[in-house]
J.: 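I'd like to ask you about the structure that follows.
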Amino acid sequence: MCGIVGYVGDKQSAPILVSGLKKLEYRGYDSAGVAVINRNVLNVVRATGKLKNLESRVQTDSPQGTVGIGHTRWATHGRPSDENAHPHTYGGVAVVHNGIIENHLALKDELKRQGHVFASETDSEVFAHLISDQLKTGKDLPAAVRAAIARVKGTYALAVVTESDPTRIVCTKESSPMVLGLGEGQNFVASDVPALLEHTRDFIYMEEGDLAILTAGGVDIYNRADQKVNRATRRIDWTPMMAEKGGHKHFMHKEIHEQPRAVADTLRGRMLLSEGDVHFEGWSLSPERINALTKITILACGTSWHSGIAGKAMIESLARIPVEVELASEFRYRDPIVESTHLAIAISQSGETADTLAAFKEAKARGASTLALCNVIGSAMTREAEVTVLTNAGPEIGVASTKAFTTQLVGLYLLAVKLGRARGTLSVKAAQEHLTSITEIPKMIEDVLKCEASVKRVARDFMGAQDFLFLGRGPMHPVALEGALKLKEISYIHAEGYAGGEMKHGPIALIDEKMPVVVIAPKQPHVAYEKIIGNIEEVRARGGKVIAIIDEDDTHVATIADHVIRIPAATALLAPVVATIPLQLLAYHVADLRGNDVDQPRNLAKSVTVE
Ligand code: F6R
């Protein structure tokens, strides 16, 4: 996720911008830059890679100016490079942008026809061109920014400076975060509080559609209707570490709560509702190639492998292509059957996991087409793949995957719809229904997060358990696997995930009064509700304690389970996204109550780049 910092005051701005950007490093980035204004001339310094690269260029170039904007870029459109780094400039305007412009291709085409030349592959550069055009019509900077954002569909936190108006910064936001920091004779803007804590403790959180004009002497804010408004100033006493976590105790907790936003970002710009189709940027698989596919092989490890199992059900059901889900570490060491009519899909948060990468290369070398479903653009897997579908979850810092998993599920669902349309297994109407149901998911996640207090009570009751069993059938099987993995990796409690039907083939021997069993039992035909109730009865008959995840309106399971956690009802293939949330919260609270290092559990690394 990109980071923005802006400064207007009486000090040299470049060092302030770089030091603010350093405080936003936790958001993840792959390039950075600053633009400062000196006597009506913009000075732009940008560098790919770590901030120390930008810092040394700033030291060498020493750009002068007391007004400036800076940015760390987490690439989404266009690879990480100096050209794609922000600020982007055009016609004396410099912009930094966090978000996604959904209609950037149409806008770029239009501007190119009018003679504009683009210097980067980014969507963000469009803002500089639009604003510069508006300034030429005689508008002042705030009016030019207003007119430009009216043309844009998407999300943004945007800060703008221009040579023709060198004493102020104009910023505006829609769906991406932006805060203003208030000082004496100096004012600031940033995408998050930690960037500014060394300068001020007084902040204004901008609201959707707000436009702010910052000068050294003050800050004026206008709402969406262009009326001047007073927004409350909040005094923030967080330590810098607390601020990075947005006030949450751990990154994992923050990332669990970010999921409504993360999933909305996975969907953004991709749903072609009226056509009943899905748009993925850079998609190069023709309908002919898709129709010729005889098999999909999903390659992944850990949590990403679990999302692959859920993805198999989605793709087989909607696109009717046989799908195999392979543990990448196993696939690479056997002699797999791969043909040119196969598509290999690597699923990976980091895009760097050694086993997944090696398996993906192996499949590619044997002739498969390749697609990476990945959270990190420019990572090894995206470089290897013919097609990349980004999950757009934003950087995940907690070692235990949370938002990476749910965004993978949603990405796979979109992919299943796209393949289904190309193969003719889904009608326009059916695809529209699927896409409509998926738009409800961010709100459902918001609702299910409200179960946190009851999950915490369950966590208190069972924090001393030595073993846990997780059971789920059909689409809930990968959810059971994921719930068990989450719990074991951060609480260090032994946990197993099983398909409900497998219980009597072995794990039932483990059940006694000390064994909590989490049963994921929404009322879906694919989940075989009656059968999972049978599992609950079998556990109870042996004295086991049942924690059931059930639909909001379920009246039966509540009478037979020891604890119930209610979730909103989603369609069968999407229910895993919703049902996973309480299990993430359960793992989190058990681990936290046990006093564990939740974000950095023992023996684990965020990115497993060795075998
Ligand atoms: C579990 C977890 C790991 C990763 C696995 C693959 O919470 O994070 O199991 O899912 O190491 O990592 P990626 O998705 O980066 O390939």
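Whatever order the structure lists ligands and atoms in, that order sets their numbers, starting from 1. Computation of the quantities below employed the complete heavy-atom set of this structure, encompassing side-chain atoms and omitting hydrogens, waters and symmetry-equivalent molecules. Index from 1, following the sequence.
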J.: Within the 4.0 Å heavy-atom shell around S350, which atoms of ligand 1 are there?
T.: 13 (P), 15 (O), 16 (O)
J.: Give the minimum heavy-atom separation between Q349 and V376, together with the two atoms involved.
T.: O-CG2, 3.4 Å
J.: Going by atom types only, do T122 and S120 share a side-chain donor-acceptor pair under 3.5 Å?
T.: yes
J.: Tell me, which pairs form a side-chain hydrogen bond (donor to acceptor under 3.5 Å, both in side chains) where one or both residues lie in residues 561-585, sequence neighbours left out?
T.: Q259-Q584
J.: Relative to the heavy atoms of E489, which atoms of ligand 1 are at a distance of less than 4.0 Å?
T.: 1 (C), 7 (O)
J.: Using a strict cut-off of 4.0 Å, indicate which atoms of ligand 1 neighbour a heavy atom of K486.
T.: 1 (C), 7 (O)
J.: We want to know whether T294 and T341 form a side-chain donor-acceptor pair, criterion being a heavy-atom distance below 3.5 angstrom.
T.: yes
J.: Using a 4.0 Å cut-off to any heavy atom of C301, which atoms of ligand 1 qualify?
T.: 5 (C), 6 (C), 10 (O)
J.: Would T303 and E482 count as having a side-chain donor-acceptor pair, cut-off 3.5 Å?
T.: yes
J.: Can you list the atoms of ligand 1 that are under 4.0 Å from a heavy atom of V399?
T.: 8 (O)
J.: Taking heavy atoms and a distance under 4.0 Å, where does E352 meet ligand 1: side chain, backbone, both or neither?
T.: neither
J.: So, regarding Q408 and ligand 1 (criterion: nitrogen or oxygen to nitrogen or oxygen, under 3.5 Å), is there a contact or not?
T.: no
J.: Report, in ascending order of atom number, the atoms of ligand 1 lying under 4.0 Å from any heavy atom of S348.
T.: 13 (P), 14 (O), 15 (O), 16 (O)
J.: Check each atom of ligand 1 against the heavy atoms of A400 and keep those under 4.0 Å away; list them by number with element.
T.: 7 (O)
J.: Please confirm whether T356 comes within less than 3.5 Å of ligand 1 when only nitrogen or oxygen atoms on both sides are compared.
T.: no
J.: Can you see whether N392 engages T266 through a side-chain donor-acceptor pair at a distance of less than 3.5 angstrom?
T.: no
J.: Below 4.0 angstrom from a heavy atom of S304, which ligand 1 atoms are there? Numbered from 1 as shown, please.
T.: 10 (O), 13 (P), 14 (O)
J.: In chain order, what residues pass the ring pair (Phe, Tyr, Trp, His ring centres under 6.0 Å) check against Y588, with sequence neighbours excluded?
T.: H250, H253
J.: Any luck finding a side-chain donor-acceptor pair between N375 and T391 under 3.5 Å?
T.: yes
